[in-house]
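What you see below is based on every heavy atom in this structure, not just the backbone, and it leaves out hydrogens, waters and symmetry mates.
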Amino acid sequence: MNWGFLHDLLSGVNKYSMGVGRIWVAVVFMFCLLVYVPAAENICKHEHDEFECNIKQPGCENVCFDHFFPVSHIRLWALQLIVVSTPSLLVVFHVAYGENREKHHNQQRYRNPGETDGGLLCTYLISLILKTGFEIVFLVLFYKLYNGFKIPHLVKCDIRPCPSTVDCYISKPTEKMIFLFFLVATSCLCIILNLSELSYLIFKYSLKCYLKRYMKKQQ
């Protein structure tokens, strides 16, 4: 899978991020390049073929696998990365729109969301809220789909066309468990980073507004 579009998107928004926002971008890149490409794809590449049940009833293995793994971990995680990164487009579009309006002026309009006009700051805050919300939604989705954040070695299946309760064995459960814990930990880290940046920007903007009102009263 080619992640070049994600690189270009986050590189564009990185120029207008705070220090915490740049850390978030670095975490996403590290997660994509160091986990997904070399490790995660290999772990889950043949998960259906390596899922075995102790009975050869036609259709039994397929039904049991679909019941316990309705969506592949790796595909759901890839979807999470794409969805969570999408709100950054709001900042990119806002900057592009502003630069297009100011193209006849020889000045750089945007340097930092905390130091520019309220429009870009508002857009940046909305993108942070959306990214945090999506991270939480996908964590809940993972938990609901797989009945927690555990991958057992053995599952028991009694769904038709299986004639009785059969034992099914999951391939590489320990490796998948490590990957899943890393996924959850990274999502939690991204949530903390987004909330920290959101709190900082709101506090900074509120303080700035308060100081302006205070100065006006003094004058």
Legend entry - Main-chain N/O of Y169 paired with E52 side-chain donor or acceptor, under 3.5 Å: no

Inset, instruction - Supply the atom-to-atom distance C190 SG to K131 NZ, rounded to the nearest 0.5 angstrom. - result: 8.5 Å

Inset, instruction - Working to the nearest 0.5 Å, report the span between CG of L79 and CG of L141. - result: 8.5 Å

Legend entry - hydrophobic_cluster_shared for I202 and L128, side chain cutoff 4.5 Å: yes

Legend entry - Close side-chain approach of L125 to L201, heavy-atom, < 4.5 Å: yes

Legend entry - Which atom of F68 lies closest to which atom of Y146, heavy atoms considered: O-CD2, 3.9 Å

Legend entry - Closest approach of V155 to P152 (non-hydrogen atoms, all atoms of both residues): CG1-CG, 3.6 Å

Inset, instruction - Give the cluster check for I192 versus L81: same hydrophobic cluster or not, with ILVMFWY residues linked at side-chain heavy-atom distances below 4.5 Å. - result: no

Legend entry - same_hphob_cluster(V71, F69) at 4.5 Å side-chain heavy-atom cutoff: yes

Legend entry - Min side-chain heavy-atom separation K156-V166 under 4.5 Å: no

Legend entry - From L198 atom CG to I129 atom CD1, the distance as rounded to the nearest 0.5 Å: 5.5 Å

Legend entry - Approximate separation, where rounding is to 0.5 Å, of H153 NE2 and M177 CE: 8.0 Å

Legend entry - In one Ile/Leu/Val/Met/Phe/Trp/Tyr side-chain cluster, 4.5 Å: F181, L189: yes

Legend entry - Sequence neighbours excluded - disulfide bond (SG atoms under 2.5 Å apart) pairs with any residue from residues 129-163: C60-C162, C64-C157

Inset, instruction - Output the distance between atom CG (L193) and atom CD (E135), rounded to the nearest 0.5 Å. - result: 10.0 Å

Inset, instruction - Report the C-alpha separation of Q80 and S187 in whole Å, then their side-chain angles, then the decisive distance to 0.1 Å, and conclude whether the side chain to side chain donor-acceptor pair (under 3.5 Å) test is met. - result: CA-CA 10 Å; Q80 177 184 354; S187 294; 2.9 Å; yes

Inset, instruction - Carefully, step by step, assess V137 and V83 under the rule side-chain contact (heavy atoms from CB on, under 4.5 Å). - result: CA-CA 11 Å; V137 167; V83 172; over 6 Å; no

Inset, instruction - State the CZ-CG distance between F134 and N194, to the nearest 0.5 angstrom. - result: 12.0 Å

Inset, instruction - Please examine the side chains of F142 and V184, heavy atoms only from C-beta on, and report whether any two atoms are closer than 4.5 Å. - result: no

Legend entry - Cluster overlap F203 with L211, hydrophobic side-chain contacts below 4.5 Å: yes

Legend entry - Remaining members of hydrophobic cluster (4.5 Å side-chain criterion), V63: I159

Legend entry - Closest contact, heavy atoms only, P87 versus L130: CG-CB, 3.7 Å

